[in-house]
Amino acid sequence: MGERNDVFDDFVLTTGNIVANVRLLVEGAITLYEDEASPLFRLGLSHDQPIAATAFEVIGTALYELRTQVMALQERHRREIGREGGDFSSMNS
């Protein structure tokens with residue numbers, strides 16, 4: 001039974017690390033979207049490209065929604081660890 005717990009613990013730790021990495025990637029993409037790429041929206045509008053401007057807005061909406069879902073997954077992961085009574089003090093999520 002100990003080996004099964006080790007496999008489960010490894011899975012939980014790996015999952016937490018992957019979710020944390022995905023969150024970092026999404027947060028980075030949102031930062032680029034907000035800080036560096038936002039002129040693309042105005043550029044699309046000023047060059048009579050409303051479809052491109054709208055597509056840019058849709059990409060932003062998708063990024064924000066992805067962040068919300070990843071954050072919710074992180075929180076569920078944390079709660080599950082607490083429910084299982086796991087001691088994963090080295091986890092990054």
Side-chain angles (χ1 to χ4, degrees):
M1 188 77 161
E3 184 178 333
R4 183 172 180 201
N5 285 339
D6 289 344
V7 170
F8 178 76
D9 291 352
D10 287 347
F11 172 77
V12 170
L13 286 170
T14 300
T15 302
N17 288 332
I18 290 170
V19 172
N21 287 336
V22 169
R23 174 141 181 224
L24 287 172
L25 291 169
V26 171
E27 294 289 356
I30 288 172
T31 298
L32 286 173
Y33 175 82
E34 292 175 342
D35 295 348
E36 297 179 27
S38 61
L40 294 174
F41 175 76
R42 290 185 299 280
L43 191 61
L45 290 179
S46 67
H47 285 86
D48 198 28
Q49 297 291 319
I51 293 173
T54 301
F56 185 75
E57 280 190 314
V58 170
I59 290 167
T61 300
L63 287 171
Y64 295 126
E65 179 59 26
L66 183 57
R67 177 174 58 186
T68 298
Q69 291 181 20
V70 169
M71 289 171 69
L73 182 58
Q74 275 187 306
E75 182 56 32
R76 287 193 302 269
H77 185 259
R78 257 188 236 115
R79 281 196 313 261
E80 183 62 22
I81 288 170
R83 189 179 74 78
E84 291 292 326
D87 179 22
F88 299 99
S89 56
S90 65
M91 284 188 49
N92 294 327
S93 64

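Computed from a predicted model, the values in this text were never measured in an experiment. For this chain, numbers begin at 1 and follow the sequence in order.
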Show me, pair by pair, the donor-acceptor contacts under 3.5 angstrom made by side chains of residues 59-68, not counting sequence neighbours?
unit_1	atom_1	unit_2	atom_2	d
T61	OG1	E57	O	3.1
Y64	OH	E34	OE2	2.8
E65	OE2	Q69	NE2	2.9
R67	NH1	E27	OE1	3.2
T68	OG1	Y64	O	3.1

Sequence neighbours excluded and cut-off under 3.5 Å, please list the side-chain donor-acceptor pairs for residues 44-56, or say none.
unit_1	atom_1	unit_2	atom_2	d
S46	OG	R42	O	3.2
S46	OG	L43	O	3.1
H47	ND1	L43	O	3.0
T54	OG1	P50	O	2.8

### Message
Taking side chain to side chain contact (heavy atoms under 4.5 Å, CB included) as the definition, give me every residue that meets it alongside L24, ordered by chain and number, with sequence neighbours left out.
### Response
N21
#### Entry: Identified side chain to side chain contact (heavy atoms under 4.5 Å, CB included) counterpart of V12 within the set N17, V7, I81
I81
### Task
Scan for ring pair (Phe, Tyr, Trp, His ring centres under 6.0 Å) pairs involving residues 9-31, sequence neighbours excluded, and state none if there are none.
none
### Query
Side-chain heavy atoms under 4.5 angstrom apart, residues restricted to Ile, Leu, Val, Met, Phe, Trp, Tyr: same cluster for V22 and M71?
no
### Message
Run the side chain to side chain contact (heavy atoms under 4.5 Å, CB included) test against L73 and tell me which residues pass, sequence neighbours left out.
### Response
V19, R76
### Query
Taking a hydrophobic cluster as the set of Ile, Leu, Val, Met, Phe, Trp and Tyr residues connected by side-chain heavy atoms closer than 4.5 Å, whether directly or through intermediates, do V26 and I18 fall within one such cluster?
yes
